[in-house]
Amino acid sequence: MDHFNSAHDAVVKLRPDVPLAVNRPHLVRAAARWFLDSFEGDILYAVKANPSPWVLEALWREGVRHFDVASVNECKLVRDMFPSATLAFMHPVKNRAAIARAYHEFGCRIFALDSVEELQKILDETGGATDLTFIVRLRVSNADASLKLEAKFGAMGDEAVTLLRQARAATQEDLGVSFHVGSQCMNPSAWRAALREASQLIIQAGVTIDVVDVGGGFPSIYPGMNPPPMQLFIDEIHRVFDAMPVTMNCKLWAEPGRALVAEATSIVVKVDLRKGDALYINDGSYGNLFDATHVGWVYPVAMIRPEGGEPSKLADFRFYGPTCDSMDAATGPFRLPADIGEGDWIEIGMLGAYGVAMATRFNGYGESVDVIAEDAPHASMFPMPERVAARVSRFAKG
Ligand SMILES: *Cc1c(COP(=O)(O)O)cnc(C)c1O
């Protein structure tokens, strides 16, 4: 990947016709450093948020050693890069062949599950292994999350109690509980409620618990979504965890995805045509802009016009992506200079999580070019030097 000082410099030099992913490994490292220093437990990076090798490399260099994987290909990706990494297969429903390969080929010893059927599958496919850590996924409220994940997975009530007992009987190694409060969770109290629900079930089951995994869901900043400081989330988790009915040396885990990578990538798109307030751009819902189009999230934007010129006042725009599908549209509104038009570029920020990770090749699009830049994010959840903070406050107002 070529290096540039900033997204602006990259555009000036490359004048890209395909979307440009401007990647900032220093921001992944800053977020990882914050979590490693602040969280009193292990950080498992949720690989699905952004599986790019430069992301995994930056996390590893900063000291992240545990990875939450959810497919056999994610197991392979991480194991090939880091032979000594700890893999945790946190998808509660796994293909039998995936279980077998994760265990025998990639050395995965930690498996999540939310049913007794899955417990049996794991025991079958590992040949009745005795070195397994089981993490029972509980279903908890996602009321405070911007993207809800509660419908699909998680055991509740008596079902959870039975599963905790059976999983306890099936291993001499660690038994844990996990949950996911939903992605982009805006309220620290969601973890308090979830941990209390977990405590109730642990007491009812009467089992010894060695791991409490508080999942992902830690928020990032987007226009219109300004979460409280990250420290409050961590403080709340520490406070409630300390009072849980678990062993003295019970481990605490978290699986952040979004929070570690959201700030680190922006996508630079080119305007191919303007019709009124609609900008036809070269990236969209089948490329790097899934959440902007399908979920209607607003991302911070800035025009890049290499020849410069007088800045015009701002106006609201919406985007159409490059494919022929009419769902390939983002209503925004995105605030950009009123005179923007064909041939201008737009930097769309905060797309490091669930951006490039979700791009497809539909309709012949989906190609992008990766570069590395040293500049600041559009907004940040983490403390940063003053020089960087100046740009952040400029964009945070949106
Ligand atoms: C997606 C996912 C994560 C990461 O969630 P974020 O909202 O990106 O932090 C963590 N754990 C599990 C089990 C997941 O499915």
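Counting convention: from 1, in listed order, for ligands and their atoms alike. These values consider heavy atoms only, across backbone and side chains, with no hydrogens, waters or symmetry-generated copies. Values in this document were obtained by computation on a predicted structure and should not be read as measured data.
A heavy-atom distance below 4.5 Å is not found between the side chains of Arg139 and Phe179.
Ligand 1 lies under 4.0 Å from heavy atoms of Ala46, Lys48, Asp68, Arg137, His180, Ser183, Gly216, Gly217, Glu255, Pro256, Gly257, Arg258, Tyr354.
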Please report, to 0.1 Å, the donor-acceptor pairs under 3.5 Å made by any side chain of residues 288-302, with sequence neighbours excluded.
{"residue": "Asn288", "atom": "ND2", "partner": "Asp283", "partner atom": "OD2", "Å": "2.8"}
{"residue": "Thr293", "atom": "OG1", "partner": "Leu289", "partner atom": "O", "Å": "2.8"}
{"residue": "Thr293", "atom": "OG1", "partner": "Phe290", "partner atom": "O", "Å": "3.0"}

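Glu74 places a side-chain N or O within donor-acceptor distance of the main-chain N or O of Ala70, the cut-off being under 3.5 Å.
A side-chain N or O of Ser266 and one of Arg24 form a donor-acceptor pair less than 3.5 Å apart. Remark: the Glu255 side chain and the His66 side chain contain no N/O donor-acceptor pair separated by less than 3.5 Å.
Salt bridge status for Lys251 with Asp174: present, with a side-chain N to carboxylate O gap under 4.0 Å.
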